[in-house]
Amino acid sequence: QVQLVESGGGSVQAGGSLRLSCAASAYTSCLGWFRQAPGKEREGVASIRRDGRTTYADSVKGRFTISQDNAKTTLWLQMASLKPEDTAMYYCAADPRVWWLIARDGCDYKVWGQGTQVTVSS
């Protein structure tokens, strides 16, 4: 079972930047970032697949960038122009299934990290 460990969260003023990292114990074909603010539902932020396809929530397009290292065991989320509404616990998630299932059905996140807190002050 792949394990995920996030890091890089912290407190920053509005307009600032942070880079989140997620270390995966094994290769997976689909990784994503999610976030959950107090009293709100968890939402998808960004994802990246083995074929390089990326997705972003409308609220972060143009400000956040998801990327991986060549071994695809480290996932990053570069966050710029941060806003107070970006304040949340950020989670890394992975779909551990084989690629052909993911390519056919889309990502289905079954493995989650413990989260890292991002706080943006105005």
Side-chain angles (χ1 to χ4, degrees):
Q1 174 86 334
V2 62
Q3 294 180 323
L4 306 172
V5 178
E6 303 97 331
S7 61
S11 297
V12 64
Q13 289 193 328
S17 299
L18 279 175
R19 188 175 80 158
L20 305 183
S21 297
C22 173
S25 60
Y27 170 82
T28 60
S29 295
C30 182
L31 288 163
W33 287 100
F34 292 75
R35 66 185 181 186
Q36 187 166 22
K40 295 187 177 181
E41 291 190 356
R42 185 175 63 198
E43 64 171 339
V45 176
S47 69
I48 187 165
R49 300 183 351 165
R50 169 175 162 170
D51 58 4
R53 184 180 302 181
T54 58
T55 64
Y56 293 93
D58 288 343
S59 59
V60 307
K61 282 181 181 177
R63 299 189 299 122
F64 291 10
T65 303
I66 190 170
S67 61
Q68 290 178 288
D69 67 341
N70 288 336
K72 301 193 187 303
T73 55
T74 302
L75 180 72
W76 295 294
L77 184 68
Q78 181 67 49
M79 305 185 294
S81 302
L82 283 161
K83 305 175 181 179
E85 50 264 44
D86 294 318
T87 295
M89 185 71 79
Y90 283 71
Y91 298 91
C92 176
D95 183 341
R97 297 177 300 160
V98 294
W99 169 240
W100 71 267
L101 280 172
I102 294 172
R104 183 190 73 181
D105 302 335
C107 298
D108 184 12
Y109 300 98
K110 298 295 188 183
V111 180
W112 296 82
Q114 83 288 350
T116 185
Q117 178 69 37
V118 172
T119 303
V120 184
S121 58
S122 57

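The model shown is predicted, which means the values in this text are computed figures rather than measured ones.
By the 4.5 Å side-chain criterion applied to Ile, Leu, Val, Met, Phe, Trp and Tyr, Val60 is assigned to a cluster that also includes Val2, Leu4, Val12, Leu18, Leu20, Leu31, Trp33, Val45, Ile48, Tyr56, Phe64, Ile66, Leu75, Leu77, Met79, Leu82, Tyr90, Val111, Val118, Val120.
You'll find the side chain of Asp69 reaches within 4.5 Å of the side chain of Trp76, heavy atoms only. Residues Gln78 and Ser17 have side chains in contact (heavy-atom distance under 4.5 Å, counting atoms from C-beta outward). No side-chain heavy atom of Arg50 sits under 4.5 Å from any side-chain heavy atom of Thr28.
Residues satisfying the salt bridge (charged side-chain N to carboxylate O under 4.0 Å, His left out) criterion with Lys40, sequence neighbours excluded, are absent altogether. The salt bridge (charged side-chain N to carboxylate O under 4.0 Å, His left out) test applied to Asp108 returns Lys110, not counting sequence neighbours.
Here the SG-CD distance, from Cys92 to Gln3, works out to 12.5 Å after rounding to the nearest 0.5 Å. Between the CE atom of Met89 and the OG1 atom of Thr119 there is a distance of 8.5 Å, given to the nearest 0.5 Å. Distance SG/Cys22 to OH/Tyr91: 13.0 Å, rounded to 0.5 Å. One finds the OG atom of Ser47 at 9.5 Å from the CZ atom of Arg53 (value rounded to the nearest 0.5 Å). Interatomic distance, OG of Ser67 versus CZ of Arg19, reported as 7.0 Å (0.5 Å rounding).
Remark: Arg49 does not engage Asp95 in a salt bridge, criterion side-chain N to carboxylate O under 4.0 Å. Under 4.0 Å is where a charged nitrogen must lie from a carboxylate oxygen, and between Lys83 and Asp86 no such pair does.
Using a distance-only test at 3.5 Å, with no hydrogens or angles considered, a donor-acceptor pair links the side chain of Glu6 to the main chain of Gly115. Within the 3.5 Å criterion, the main-chain N or O of Val5 finds no donor-acceptor partner in the side chain of Gln114. In this structure, the side chain of Gln36 does not engage the main chain of Ala88 through any donor-acceptor pair within 3.5 Å.
Taking both residues in full, the closest heavy atoms of Tyr27 and Ala71 are given as CD1-O, 3.9 Å, listed atom of the first, atom of the second, then distance.
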